[in-house]
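We number each residue from 1, following the sequence as shown. Small disclaimer: the values here were computed from a predicted structure and weren't measured.
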Amino acid sequence: MRNIKIKLPDNSYKNMTIGTTPQQVADSIGPGLARAVVVAKIDGVLKDLNFSIENDCSLELFTGDSVEGHDTLLHSTAHLMAQAVKDLFPEALVTIGPTIENGFYYDFDVDIPFTDEVIQNIENRMKELARSSQEISRMEISASDAIKMFDDMGESYKVEIIKEIDPNDIISAYTQTSFTDLCRGPHVSNTSKIKYFKLLSTSGAYWRGDENNKMLQRIYGTVFSTKDALKTHLHNLEEAKKRDHRKLGKELNLFAFDEEVGPGLPLWLPNGTVMIEELERLAKQTEKKAGFDQVRTPHLTKGTIYERSGHLEHYKDSMYPEMSIDGADYYVKPMNCPHHHKIFSAIPRSYRDMPVRLSEYGTCYRYEKSGQLFGLMRVRSLQMNDAHIYCSADQFKEEFINVCKMYLEYFELFDIKKYTMRLSLHDKKHLGDKYVDEPELWLETEQWVREALDEGGFNYVEVPGEAAFYGPKIDVQVWSAIGKEFTLATNQVDFVVPERFDLSYKDKNGNQQTPICIHRAPLSTHERFIGFLIEHFGGNFPLWLAPVQVAVLPVSEKVNDYAKNITNKLIDHDIRAMLDDRSDKVGAKIRKAEINRINVMLIVGPKEQENNTVSVRRKFSGDLGTVDQDILLSTLVNEIKDRSLTHS
């Protein structure tokens with residue numbers, strides 16, 4: 001039998017017989033790799049371990065702790081879970097089962113409720129199936145044949161999905177003994193490679209996210225390559241529950257939702273409003289230094305402006321329905337862009353005015369399906385840290401880089417240590433429908449953005465098919481203190497809409513030129529950013545951002561007047577202070593202040609009153625001893641002014 005040469009990552013070669021599988025190559029290298037490997041890459045393409053290699057090639061082998069390996073484990077364990085559900089409840093219908101960050105889920109149409117006991121039974125069955133060492137095989141069939149196969153199984157949801165595919169298209173499915181389901185793959189080659197998994201939770205989910213469809217039951221799970229990795233992840237999940245912005249937002253009286261007001265429409269309570277005002281103060285100070293001018297725009301406008309901008313064509317599903325008033329259709333504002341374009345055009349512009357930078361914390365309203373609403377992260381009313389920069393082509397790179405630098409300044413201020421910028425590009429297959437049909441302009445502006453990112457030294461990855469309809473964009477991903485990923489900021493290039501709005505400025509030669517527009521929102525929306533900050537800091541905000549900065553705690557009624565004078569003095573210096581003059585013991589007052597995550601506690605008694613001092617206790621440092629009032633006041637004022645991260 002003919003041999004083939006397989007090149008390994010260290011540039012060594014293996015001579016193997018034709019038809020060798022990646023698993024057999026791993027076996028030939030050593031037993032440790034043979035056990036740990038879960039997926040392969042052949043000539044740069046991911047393949048299952050039981051794929052037959054017919055020609056000379058390069059080969060990479062991935063264990064479960066790699067990105068490729070972990071994703072393969074997630075896909076494979078999702079199918080293992082679905083198999084367990086079908087074993088225990090044969091009448092259950094399988095719908096979709098995608099992977100998500102560090103996890104997976106499957107939706108099932110089944111009458112029996114997935115209680116905690118049922119979930120444990122499913123997990124136990126998964127363990128049995130994993131230990132049974134089932135071979136997992138891939139098949140590729142036409143969509144028309146797949147319809148017949150799943151129809152024979154009675155899997156009506158699968159049939160519905162496949163009917164949307166061209167009947168002649170080839171699709172893939174994976175089988176392990178009696179269970180078969182669609183998947184692009186790759187999968188592990190044997191269930192014995194799936195060891196350290198956990199089913200996490202259940203929820204309801206409408207079929208295809210449409211509340212008019214049937215409610216299904218969803219099971220979430222996760223898997224890792226080692227016991228320690230799973231243990232660490234489960235610990236982080238527990239920590240994330242403690243930091244959940246919905247839970248802490250209620251405990252700290254930051255925001256509320258009310259059914260009579262409407263889902264997805266947050267009510268900002270006084271404590272949350274303090275945070276909003278602090279963030280707006282920060283943004284306005286930062287933007288003023290960067291040469292931005294503040295503007296304001298209405299919440300309601302005629303629909304013709306969105307026809308002109310293209311939003312009605314590309315974005316209508318996310319807008320609230322029109323209101324017919326005085327013979328014209330009006331919409332509540334889903335974005336600020338067209339209004340800023342009108343402000344730019346309201347004044348004749350010259351090259352001497354460029355760039356023009358307009359900023360606004362504008363309130364927008366976007367329709368999110370009820371099943372997609374999630375605390376502050378997905379809402380229907382949002383206040384956006386929005387701005388638009390109108391510049392010439394020569395000015396573009398500097399302006400774009402400066403916006404990205406502004407992101408980094410904010411990241412440092414908020415102790416965001418991990419981030420990445422996603423350069424979202426167009427997909428030429430969707431020019432004319434999803435994207436404006438200007439292929440040359442797309443390529444040109446995408447290259448401008450690449451060059452700006454490279455010149456600025458920013459970390460970024462390219463993601464095809466996720467651009468805005470009018471140009472490429474940067475979506476900024478950040479990670480919280482416990483490693484939870486969030487999408488926060490955006491920086492978008494618009495080479496289409498300025499021309500639609502007839503925006504222009506006179507160049508040095510007196511000719512009219514159309515500006516390029518940069519859309520940017522570095523602090524996202526109040527809703528999303530405060531939701532992130534709650535979880536990032538676990539409710540223990542830096543002093544400058546804390547709704548209540550100082551609690552003054554008298555030890556007895558005898559010193560209440562002295563404590564009140566201290567409180568008033570703090571308030572006079574714009575420090576948010578509260579006086580707890582209840583008759584409780586001081587220990588109870590301290591506990592309450594710590595529960596409310598108040599950073600600074602000032603304990604005052606007869607001795608402090610006599611010496612005009614206070615005893616200082618800080619949440620993260622404990623007792624700091626007795627301090628002169630004026631020295632303390634100066635320290636706190638400076639810490640707040642500097643927006644210091646330190647809690648001590």
Just wondering, more than 12 heavy atoms not from [X] lying within 6.0 Å of its [atom1]?
X: D166; atom1: CG; value: yes
X: K316; atom1: NZ; value: no
X: D317; atom1: CG; value: no
X: E211; atom1: CD; value: yes
X: E101; atom1: CD; value: yes
X: D111; atom1: CG; value: no

Measure the spacing between [atom1] of [X] and [atom2] of [Y] and express it to the nearest 0.5 Å.
X: I136; Y: K193; atom1: CD1; atom2: NZ; result: 10.5 Å
X: R528; Y: L488; atom1: CZ; atom2: CG; result: 7.0 Å
X: I165; Y: S142; atom1: CD1; atom2: OG; result: 10.5 Å
X: R243; Y: H536; atom1: CZ; atom2: NE2; result: 8.5 Å
X: N15; Y: T20; atom1: CG; atom2: OG1; result: 10.5 Å
X: S58; Y: I42; atom1: OG; atom2: CD1; result: 8.5 Å

Salt bridge (Lys or Arg N to Asp or Glu O under 4.0 Å) for E238 and K241? Distances and angles first, verdict last.
CA-CA 5 Å; E238 286 303 312; K241 287 179 184 177; 3.2 Å; yes
Using the six-membered ring wherever Trp is involved, compare the ring planes of F537 and F414 and label them parallel, tilted or perpendicular (cut-offs 30° and 60°).
tilted
Parallel under 30°, tilted from 30 to 60°, perpendicular over 60°: which one fits the rings of W448 and F396?
tilted
Please report the closest heavy-atom contact between [X] and [Y], naming both atoms and the distance.
X: G375; Y: V379; result: O-CG1, 3.2 Å
X: L373; Y: G264; result: CD1-N, 3.8 Å
X: A467; Y: S424; result: CB-O, 3.5 Å
X: P186; Y: L46; result: CG-CB, 4.0 Å
X: P439; Y: L431; result: CB-CD1, 3.9 Å
X: E239; Y: I482; result: CG-CG2, 3.7 Å

Check: [X] ring centre within less than 6.0 Å of [Y] ring centre:
X: W442; Y: F495; value: yes
X: W207; Y: Y157; value: yes
X: Y106; Y: F108; value: yes
X: Y410; Y: F529; value: no
X: Y196; Y: F224; value: no

Below 4.5 Å, heavy atoms only, C-beta onward: do [X] and [Y] meet side chain to side chain?
X: C57; Y: I4; result: no
X: D87; Y: L129; result: yes
X: F197; Y: L230; result: no
X: K397; Y: E455; result: yes
X: I29; Y: D27; result: no
X: L376; Y: F532; result: no
X: F62; Y: V37; result: no

Any chance the side chains of [X] and [Y] put a donor and an acceptor closer than 3.5 Å?
X: T177; Y: Q83; answer: yes
X: T487; Y: Q477; answer: yes
X: Q120; Y: N124; answer: yes
X: T226; Y: D228; answer: no
X: E535; Y: S480; answer: no
X: H426; Y: E446; answer: yes
X: D494; Y: H519; answer: yes
X: E54; Y: S52; answer: yes

Does K47 count as lying over the ring of F51, i.e. NZ or CZ under 6.0 Å from the six-ring centre, within 45 degrees of the axis?
yes
Y13 ring centre to K5 NZ or CZ under 6.0 Å, with the angle to the axis within 45°?
yes
Among H75, R184, R138, find the residue that satisfies the side chain to side chain donor-acceptor pair (under 3.5 Å) test when tested with Y174.
R138
Carboxylate-amine/guanidinium contact [X] [Y], below 4.0 Å:
X: D454; Y: R450; answer: no
X: R378; Y: E368; answer: yes
X: D210; Y: R208; answer: no
X: E412; Y: K417; answer: no
X: E409; Y: K405; answer: no

Checking T95 side chain against D107 main chain: does a donor-acceptor pair fall under 3.5 Å?
yes
Derivation of the side chain to side chain contact (heavy atoms under 4.5 Å, CB included) call for K473 and V493
CA-CA 6 Å; K473 65 175 181 173; V493 184; over 6 Å; no
List the steps and the verdict of side chain to side chain contact (heavy atoms under 4.5 Å, CB included) for M149 and T180.
CA-CA 10 Å; M149 180 176 72; T180 299; 4.2 Å; yes
For a side chain to side chain contact (heavy atoms under 4.5 Å, CB included) check, start with the C-alpha distance between M16 and N3, then their side-chain angles and the critical distance, and finish with the verdict.
CA-CA 5 Å; M16 307 292 289; N3 280 1; over 6 Å; no
Intermediate values then yes/no, side chain to side chain contact (heavy atoms under 4.5 Å, CB included), Q492 and I474
CA-CA 6 Å; Q492 305 176 0; I474 298 293; over 6 Å; no
Evaluate K158 against D181 for salt bridge (Lys or Arg N to Asp or Glu O under 4.0 Å), listing each step before the verdict.
CA-CA 8 Å; K158 296 295 178 183; D181 199 3; 2.8 Å; yes
Checking D65 against T63 for the side chain to side chain donor-acceptor pair (under 3.5 Å) test, could you report, in this order, the C-alpha distance in whole Å, the side-chain angles of both residues, the deciding distance, and whether it holds?
CA-CA 6 Å; D65 57 357; T63 57; 2.4 Å; yes
